[in-house]
Amino acid sequence: FSDVFNFLKSLSKENHIWCGHWDVMRPLLETFYSYSEENTTDSPLKQLWSRISEEMRCCTLCIHQHYQAKDIYATEYEETCVRPLLDALCVLDEQRVCRHLQDLNSRIARGDDMTHDYQQVVCVLFEVLTFPRLLDDRSLSMEFEIFIEAIDDRYELALDGNQHYPGIYALLFSNSRRVRSISLRLAGHMEKLRRASELDPLQYLLKKGICILDKDVWDSVGVISRPRTQLDRTAVWLGIKALMGLLEPQAFEEGILDCYPSFLSVVLNNITDDSNEFSHAVNCLRLLFEKLGCKLWLRTTLSPSLMRNSFLGQCFHIRNEKAHKEIFDLFEPFLQSLEALRDGEYEKERRHLLYFLLHQVPFSSNFSALMRMKARQIAHLIVLRGYRIDPPCPPYECAHMWGPSLVCSLKDASLHDSIRKFAIDLIQTIIISDASAIMSFILRGNSNPNEKDNDHGDMEDENELFSGFSIEEQDITCWNDFRLQRKIISQVDNWLCAPMLWFDVLVDMDPLTLPLPFSKAVFWALSQFSFMEPFNSTEMALSIRIWLATCASEISHILDWKVPTGSDDGGDKEDHKNSVRISKMCLPLVRTFKRFATHFIVRMEQGELKKQWTWEPDMAGSLILFLVDPNDDTRKVGKLVLEKVSGVRGLTCGLKFMCSSPAALRAILLGLRHALKLV
């Protein structure tokens, strides 16, 4: 050891000890166990540490080699034997870095130009952000918070490269709001953590934080004499919530939940409390739903119904708009976590939540006017997702529970756009979905009853049919969306329709009160039934209500909204109140839909709305189906729309215009092929 000390002491200043002689220096770390017992300042041990400290102020490689040597001791020796040495080195490192930060902070406070100390700034940032256990030292943590705020104020701190710095994530738990903001900004520029191993440098902090949330105390491990950083419970909640958003599901599941099974219980316990941490727990639970999905239910003994009752009970127990909003925002991810189970639980919980949002919130004084609107918006989104997920699972069995509210939203032109927009999206999706489901049922009946869907084969045929077409990629249009939605809907058997919705919107509403995309949806849906159940002139002359009584008496009993009798109303598979199964009344549903849609389209053509139509090549498929439809009113609307979008008069000129582009020609051929299937 004496020879080694002399050798290292004789090295020139340009030759760093850790950089150039790591293999010599590493065994010498053992001697620092007795560093605190050295009484003289000029002892070889203290002189060596002083030199190493200076070199680590300006050399990141020295820092890396130093910590790598400590890791070797930690992994290659028994914990009981090496722990006193590692604790001693930890104290020395904390003192060293803390003094360095104090020195830099004093220079910043004096207004010194820190560009001359660029290398020192980089090194101290590198060390703390790469080895965040240093932040467990209270003095060091306080000095570093001052330092990083000052550096960010002067230079707007940024990270170079794709390397992950675990200290950035550790700063998310800081008691300083400004530091949390800086760390969140920096973390946003790094890729999400994918593997649990990437959380290893943070495990000490995570264990400490979760223990504080669970037991409100933390027993420090080891005999380190320097005061430890005290974590604030609110800061821990904010840190965990922010960290969860920066993790991929696998890293979160294996790096946090597997290591700390109590974390889920901690979150759930705070959901049912009136503590100040309720809001933080709700936000964490929402992220748990999003990250884990159905896996969450494998990790808890709590049933979905019990969790839902906890949410609703809290809503009635407290009168706080912010808390109500946070709970409402839980409903969608809560339901999405149940979708994959497909055991009926998803549908049951959805009915309960829809009843709460649309039939309890509006009539309870516990909720503000804003929350009543929010409840309606959430309900619309829940129903909309049911129609759009793949495969679809709409709540049509309880249409009487949400249908009247949807119609009310559509008819209320004064309603805020954020609410009405989702209502319009929903009714547009319902129109497309119902028409697609009816048509798919008919086509399956005309081909092989055992076939689920012909669309996959159709897509292959299309690729072969149009392989020679030179068609430029177009922007995604609503017409393509309609076809894609039909493909999704065609997977579902036993579809139900709610004709009362058709009546309330297509008959009772002025087309001008609805946006143009909705009229396009009705136009597309009606075109799919070309040649199906044509009307004679006598039928078309009848008013809608008289026509219903004389020509569609089979469904007249469901054309009156029923009042829900409870939160699970509609769960009976045979009693669907305002809904009817396509397989039981296919032709009456076709006739009713066609009559209502024709009524709507004719009024659209007679009003000002048709002036808003512009040419889109993908609409040619629906236009051609209108032009060959046996119904006079439908053909007339088709001709007038064609004249408007083409700017030419006469059917021949209009057809030439429609065939002028490969994209439109493709749409026409697809439309004619659909017509041939119906014939």
Pair N105-E143, side-chain donor/acceptor within less than 3.5 Å:
yes
Test: R299 and D258 ion pair at under 4.0 Å
yes
Verdict with reasoning, R57 to C123, per side-chain contact (heavy atoms from CB on, under 4.5 Å)
CA-CA 6 Å; R57 282 193 171 204; C123 283; 6.0 Å; no
Distance alone, cut at 3.5 Å: any donor-acceptor contact between the side chains of D425 and H380?
no
Before accepting this row, confirm whether a basic side-chain N of the pair E345/K348 lies closer than 4.0 Å to the acidic partner's carboxylate O.
yes
Carefully, step by step, assess D117 and R107 under the rule salt bridge (charged side-chain N to carboxylate O under 4.0 Å, His left out).
CA-CA 10 Å; D117 300 304; R107 280 185 265 171; 2.8 Å; yes
Salt bridge or not between E94 and R226? Use side-chain N to carboxylate O under 4.0 Å.
yes
Check whether Y35 forms a cation-pi arrangement with K46 (NZ or CZ under 6.0 Å from the six-membered ring centre, at most 45° off the ring normal).
yes
Using a cut-off of 6.0 Å, state whether more than 12 heavy atoms not belonging to M142 lie near its atom CE.
no
What is the minimum heavy-atom distance between L129 and P132, and which atoms define it?
O-CD, 4.3 Å
Proximity of F334 and F311 rings by center, below 6.0 Å
yes
Counting neighbours of NZ on K9 that are heavy atoms of other residues, nucleotides or ligands and sit closer than 6.0 Å, is the number greater than 12?
no
Donor-acceptor contact below 3.5 Å, side chain N309 vs main chain S305:
yes
Check this for me: does any side-chain nitrogen of one of E253 and K291 sit under 4.0 Å from a carboxylate oxygen of the other?
no
Under a 4.0 Å N-O cut-off, is there an ion pair linking R194 with E198?
no
Centroid-centroid under 6.0 Å between Y118 and Y155 rings:
no
For side-chain contact (heavy atoms from CB on, under 4.5 Å), just list the numbers for K374 and L357, CA-CA rounded to whole Å, side-chain angles, deciding distance to a tenth of an Å, and then say yes or no.
CA-CA 9 Å; K374 178 71 175 177; L357 291 168; over 6 Å; no
Do S176 and E149 pair up side chain to side chain, a donor and an acceptor below 3.5 Å, judged on atom types alone?
yes
Minimum heavy-atom separation for I108 and R154, please, with both atom names.
O-NH2, 3.3 Å
Residue pairs meeting side chain to side chain donor-acceptor pair (under 3.5 Å), one or both in residues 71-81, sequence neighbours left out, come to E79-R83
Is the positively charged end of R26 above the ring of W22, judged by distance under 6.0 angstrom from the centroid and angle within 45° of the axis?
yes
Checking side-chain contact (heavy atoms from CB on, under 4.5 Å) for the pair W18/Y67: CA distance, chi angles, key distance, verdict?
CA-CA 10 Å; W18 275 122; Y67 282 92; over 6 Å; no
Pairwise distance CG(L172) to OG(S183) - rounded to 0.5 angstrom
4.0 Å
Ion pair R178/D153, N-O distance below 4.0 Å:
yes
Does the side chain of Q203 come under 3.5 Å of the side chain of Y260 through a donor N or O and an acceptor N or O?
yes
Stepwise side-chain contact (heavy atoms from CB on, under 4.5 Å) test for I318 and N366
CA-CA 8 Å; I318 55 181; N366 214 44; 5.7 Å; no
Aromatic centroids of F126 and H64 separated by under 6.0 Å:
no
Would you say S364's side chain and Q360's backbone share a donor-acceptor pair under 3.5 angstrom?
no
Can E145 and S174 be counted as having a side-chain donor-acceptor contact under 3.5 angstrom?
yes
Would you say R110 has more than 12 foreign heavy atoms packed within less than 6.0 Å of its CZ?
yes
If you measure from the Lys or Arg side-chain nitrogens to the Asp or Glu carboxylate oxygens, is any gap between D137 and R228 under 4.0 Å?
yes
Hey, mind stepping through D93 and H66 against side-chain hydrogen bond (donor to acceptor under 3.5 Å, both in side chains) and telling me if it holds?
CA-CA 10 Å; D93 284 332; H66 174 70; 3.0 Å; yes
Can you confirm if the NZ or CZ of R133 lies within 45° of the ring axis of Y204 and under 6.0 Å from the centre of its six-membered ring?
yes
E332 vs R385, salt bridge (charged side-chain N to carboxylate O under 4.0 Å, His left out): CA-CA, chis, key distance, verdict:
CA-CA 9 Å; E332 287 185 274; R385 179 169 176 81; over 6 Å; no
Derivation of the salt bridge (charged side-chain N to carboxylate O under 4.0 Å, His left out) call for E347 and R351
CA-CA 6 Å; E347 291 86 344; R351 288 191 294 271; over 6 Å; no
Side chains of R350 and Y346 only: does a donor on one sit below 3.5 Å from an acceptor on the other?
yes
Please give me the minimum heavy-atom distance between L288 and M244, naming the atom from each residue.
N-CE, 3.8 Å
Residue pair D329 / R286: nearest heavy atoms and the distance that separates them:
O-CD, 4.1 Å
Worked check of ring-ring contact (aromatic ring centres under 6.0 Å, His included) between F331 and F289:
CA-CA 10 Å; F331 293 162; F289 285 133; over 10 Å; no
K322/E326 under salt bridge (charged side-chain N to carboxylate O under 4.0 Å, His left out): CA gap, chis, key distance, verdict
CA-CA 6 Å; K322 181 176 181 290; E326 289 170 338; 2.8 Å; yes
